[in-house]
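So the structure is just underneath, and the comments pick up after that.
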Amino acid sequence: MFILLDIDYAGTNKAVIRLFGRNEVKLDTNFSPYFYIVPDNPDFVSKIKKEKINERTAERIELVKRKFEGKEIEVVQLFLSHPKDVPAWRYELKKYGKRLEADIPFARRYMIDKSLSPLGEVKLPEFEAGKASIRDPRVLAFDIETISDGPIKIGKNKITMISLWGQDIQKVITWAPVKGEHVELVKGEKELIQAFIRTLSEYKPEIVVGYNSDMFDWPYIKKRAEKYKLNLSFNKEKLVFVKRGRASAPRISGMNLIDLYVFVRDILSPYMSSETLGLGAVAQELLNETKLDIGGHQGMTKAWEENPEVLYEYALQDAKITYGLAKEILPLVYELGTIVGLPLFDMSRMRSGQLVEWLLIKEAHSQNTIAPNRPKRDTILERRQTSFEGAFVKEPIKGLHKQIAVCDFRSLYPTIIMSQNISPDTIDCEHADCKIPGPTGHWFCKNKAGFTPKILKSLFDERLKLKSGMKKMTRDSVEYKIADTKQKALKLILNSVYGYLGFPGARWYSLESARAVTAIGREYIKQIMETAEKLGFTVVYGDTDSVMLTLDGPNFEKTLDKFLKKVNKTLPAPMELELDGVYDCGLFVTKKRYALMDAQGKMVIKGLERVRRDWAQVARKTQEQVLRLILQGDTDGAIKHVKSVVAQLKKKEIPIDQVIITEQMTKRPEEYKAIGPHVKVARDLIKMGKPIEPGSLIEYVVQIGKGSISSRSIPAETAQDYDSEYYIERQVIPAVARLFEAMNRDQHELQGKQSRLEFFS
DNA sequence: TCCATCCGGGG
DNA sequence: GTGTACGGATGGA
């Protein structure tokens with residue numbers, strides 16, 4: 001059986017598709033690049049047939065029937081020998097009319113036309129999609145360590161170690177004199193890179209994962225290899241960098257280089273609670289595994305110089321964690337790949353809008369429909385100018401509330417799109433019986449199912465089927481896990497469609513559709529709030545698709561039940577309001593900023609975390625502790641805690657490392673117009689002979705004195721003292737003030753002109 | 001309140 | 001790679 005792992009094309013004059021399977025490569029010589037032309041007038045067809053560009057004629061020209069923008073039309077389908085010919089032809093044939101689907105990368109074109117999926121079967125010799133698929137490709141995780149002095153710069157210093165982790169391979173290649181079970185000792189850096197190439201070539205991983213490896217590990221290896229004129233080829237497949245917008249991505253054909261950080265950042269992060277997306281934090285949340293603490297970059301330097309064994313353990317653990325993350329994350333990538341039908345290399349680097357777009361292109365193709373062209377730059381800019389009203393967010397009733405029910409719509413926007421048939425091709429149709437305008441003055445056809453709702457419906461139904469099937473499975477079983485991953489992948493795409501319709505770069509952009517979705521959403525949520533209030537609930541807060549309700553008295557649960565039943569009776573299918581959970585208490589600060597705590601003491605915090613590094617630790621820690629105390633009902637204790645931190649700051653009992661503020665240089669120090677503290681400190685550091693480049697992290701401490709904050713900031717390494725007042729007034733107090741304001745409006749107002757500082761003193 | 005700028009991950 | 005693909009928070013005017 002031939003399983004498709006990766007795909008690309010070769011050939012200089014005639015393109016040949018290369019399909020990478022397990023240990024074999026198959027060539028398909030019978031597929032040609034093509035695009036469509038909609039001739040401005042019928043005479044053009046014969047002219048197009050005579051066209052020659054660079055002395056070459058088209059391979060084949062056909063007149064075909066396709067659907068485009070809702071109409072069936074005759075178009076010219078122009079086949080060429082090589083994808084590289086397309087840009088010239090696309091440009092030259094401009095004079096005949098609109099060119100369509102002239103920017104679909106060749107390998108993607110192949111997968112779409114053949115309905116192939118990554119990790120799916122390809123039947124040979126027909127090159128047709130088969131039914132089988134695998135979910136256990138050979139995965140190898142890797143991580144590099146380098147000598148680190150000063151700011152990170154790709155290729156500046158030597159690579160000291162490369163750690164690798166897979167099912168049956170665990171090793172650290174290094175030239176440092178380290179002893180350890182998994183050490184492969186080599187002579188120097190050159191041999192290290194050679195050993196790495198050899199290992200990959202022999203192990204033949206089907207997927208190679210790293211963490212931030214697109215922007216760090218792979219480009220670093222490439223730079224260092226150049227120094228020794230090493231050829232970075234793995235079983236004859238070269239490492240190349242594929243340009244993708246502002247960034248570029250490393251690629252080795254057949255090996256599926258995947259950067260887990262990119263996928264976490266672009267796809268998973270909205271579903272995660274961690275605000276930072278470093279390997280440590282992500283592994284902690286997703287795996288409950290802890291990254292070894294080596295003591296920051298100073299600790300790393302020290303380990304390298306004095307005790308490389310520590311660095312070896314650290315490197316091995318990083319590769320192990322990366323492998324663990326891959327096991328957790330990749331199944332979702334595989335399922336998305338099956339839904340969208342693109343190579344894993346592309347899939348794993350796409351944002352949700354792109355996932356939707358390529359799914360739509362694939363679906364359009366299967367419906368004999370040509371996709372709209374991508375909007376041009378100026379169109380995108382123009383679209384960006386037009387904003388539209390988003391979701392309804394109710395101003396919360398500030399303060400602490402007890403016993404809170406959280407109800408939300410299951411997939412609000414997708415269900416609105418489906419139930420109202422919202423789609424670029426159903427808007428303002430001509431049927432007389434459809435013309436009942438919605439809240440934005442537009443209507444959507446009632447007679448034919450729209451393009452996007454139809455696709456959503458099939459995803460939605462498949463997900464429901466999976467979910468009901470899962471109820472009969474045991475939670476720990478493999479089949480449950482697979483079904484769960486599938487439904488998550490479906491949910492991810494379902495949730496992305498609304499955003500896609502309003503995304504300026506979308507081919508199927510439809511401002512009026514997106515606008516209608518949020519307008520209808522606002523109507524529903526407001527209606528729900530009214531219903532809740534009529535039943536006696538107090539609506540403490542509500543945002544987009546959720547309401548948070550409290551009710552005094554003994555009938556809480558009964559009324560809640562009544563409420564849900566009543567609401568759901570009136571909602572059109574498949575819309576549904578569900579009980580998300582009941583919380584013991586919650587603190588509401590402002591829109592989007594609140595915290596909830598359940599009976600087990602578990603906190604859900606939204607919008608309040610201060611984990612950004614441009615806040616001093618003392619402020620971040622104090623905020624967290626205050627929040628916990630308030631939710632535990634101990635507001636006095638919280639005030640006391642702040643007072644104690646303030647007192648400690650005044651007495652300089654808080655150590656200096658708690659007041660260090662870290663900011664990154666994004667350009668060279670002399671390029672800044674606004675001289676912020678970190679720029680001023682960067683200039684100081686340069687005077688001290690330290691090299692500062694874009695990317696350098698500047699650690700500073702604010703000192704007592706006159707003048708601006710910038711002028712009073714000095715490098716953290718030279719700081720012996722700090723300005724207590726600054727850290728109290730500008731860091732600690734602002735971080736907690738909102739919380740207390742929400743708790744204690746009256747008391748704060750009673751404070752009148754008294755400053756916040758006095759209040760906490 | 002609006003607009004420009006900054007930031008992410010990695011050693 | 002049949003290129004020309006951020007989005008959210010912040011802080012200054």
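All chains are named by letter (A, B, ...) in the order of the sequence lines, taking the proteins before the strands, and each is independently numbered beginning at 1.
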Using the ring pair (Phe, Tyr, Trp, His ring centres under 6.0 Å) criterion, which residues pair with [X]? Sequence neighbours excluded.
X: A:Trp304; value: A:Trp175
X: A:Phe106; value: A:Tyr9, A:Phe31
X: A:His365; value: none
X: A:Tyr413; value: A:Tyr498

Point to revise | Contact list for DNA chain C against residues 341-352 of chain A - heavy-atom distance below 4.0 Å | key: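 A:Asp346, A:Arg351 - these, ordered by number, are the residues of the stretch whose heavy atoms sit under 4.0 Å from the strand.
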**Study point:** Close side-chain approach of A:Asp214 to A:Pro250, heavy-atom, < 4.5 Å
**Key:**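 The answer is yes, as the side chains (C-beta and beyond) meet within the 4.5 Å cut-off.
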Point to revise | N or O in side chain of A:Tyr9 less than 4.0 angstrom from C:dT2 OP1/OP2 | key: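 The answer is yes; a side-chain N or O of A:Tyr9 sits under 4.0 Å from OP1 or OP2.
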Of the listed nucleotides [options], the one nearest the side chain of [X]:
X: A:Arg377; options: C:dA5, B:dG10, B:dG9; value: C:dA5
X: A:Phe503; options: B:dG11, C:dG7, C:dA5; value: C:dG7
X: A:Arg90; options: C:dT2, B:dG11, C:dA5; value: C:dT2
X: A:Arg108; options: C:dA5, C:dT2, B:dG9; value: C:dA5
X: A:Ile152; options: B:dG9, B:dG11, C:dT2; value: B:dG11
X: A:Val86; options: B:dG10, C:dG3, C:dT2; value: C:dT2
X: A:Pro33; options: B:dG9, C:dT2, B:dG11; value: C:dT2
X: A:Gln354; options: C:dG3, C:dA5, B:dG11; value: C:dA5
X: A:Pro83; options: B:dG11, B:dG10, C:dT2; value: C:dT2
X: A:Arg374; options: B:dG11, C:dT2, C:dA5; value: C:dA5

Measure [atom1]/[X] against [atom2]/[N] and give the value in whole Å, please.
X: A:Lys291; N: B:dG11; atom1: NZ; atom2: C1'; value: 9 Å
X: A:Gln385; N: B:dA4; atom1: CD; atom2: C1'; value: 14 Å
X: A:Met272; N: B:dG9; atom1: CE; atom2: P; value: 10 Å
X: A:Arg56; N: C:dT2; atom1: CZ; atom2: C1'; value: 14 Å
X: A:Met215; N: C:dC6; atom1: CE; atom2: C1'; value: 13 Å
X: A:Arg265; N: C:dA5; atom1: CZ; atom2: P; value: 16 Å
X: A:Arg244; N: C:dT2; atom1: CZ; atom2: P; value: 12 Å
X: A:Phe263; N: B:dG9; atom1: CZ; atom2: P; value: 17 Å

Review point. Between residues 303-318 of chain A and DNA chain B, which residues have a heavy-atom gap below 4.0 Å?
Key: A:Tyr314, A:Asp318
Point to revise | A:Glu59: partners by salt bridge (Lys or Arg N to Asp or Glu O under 4.0 Å), with sequence neighbours left out | key: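 Once residues adjacent in sequence are excluded, the partners of A:Glu59 under the salt bridge (Lys or Arg N to Asp or Glu O under 4.0 Å) criterion are A:Lys14.
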Is [X] touching bases, backbone alone, or none of the nucleic acid, heavy atoms closer than 4.0 Å?
X: A:Arg109; value: base
X: A:Leu80; value: nothing
X: A:Asp143; value: sugar-phosphate
X: A:Gly278; value: sugar-phosphate
X: A:Tyr34; value: base
X: A:Leu277; value: sugar-phosphate
X: A:Leu279; value: sugar-phosphate

Review point. Taking the P atom of each, how far is B:dG9 from C:dT10, in whole Å?
Key: 14 Å
Review point. Judged by modelled atom types alone, do A:Tyr594 and A:Asp543 share a side-chain donor-acceptor pair under 3.5 Å?
Key: no
Check your understanding: If we ignore angles and hydrogens, is there a donor and acceptor under 3.5 Å between the side chains of A:Lys291 and A:Tyr314?
Key -> yes
Revision key, fill the gap. Side chain to side chain donor-acceptor pair (under 3.5 Å) filter on A:Ser253, not counting sequence neighbours, yields A:Asp8
List the atom pairs, with distances to 0.1 Å, where a side-chain N or O of residues 141-151 of chain A and a protein N or O form a donor-acceptor pair under 3.5 Å, not counting sequence neighbours.
residue	atom	partner	partner atom	Å
A:Ser148	OG	A:Thr301	OG1	3.3
A:Asp149	OD1	A:Asn157	ND2	2.8

Exercise for review: Decide, yes or no, whether a salt bridge links A:Asp6 with A:Arg251 under the criterion of side-chain N to carboxylate O below 4.0 Å.
Suggested key: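 Salt bridge flag = yes for A:Arg251 with A:Asp6.
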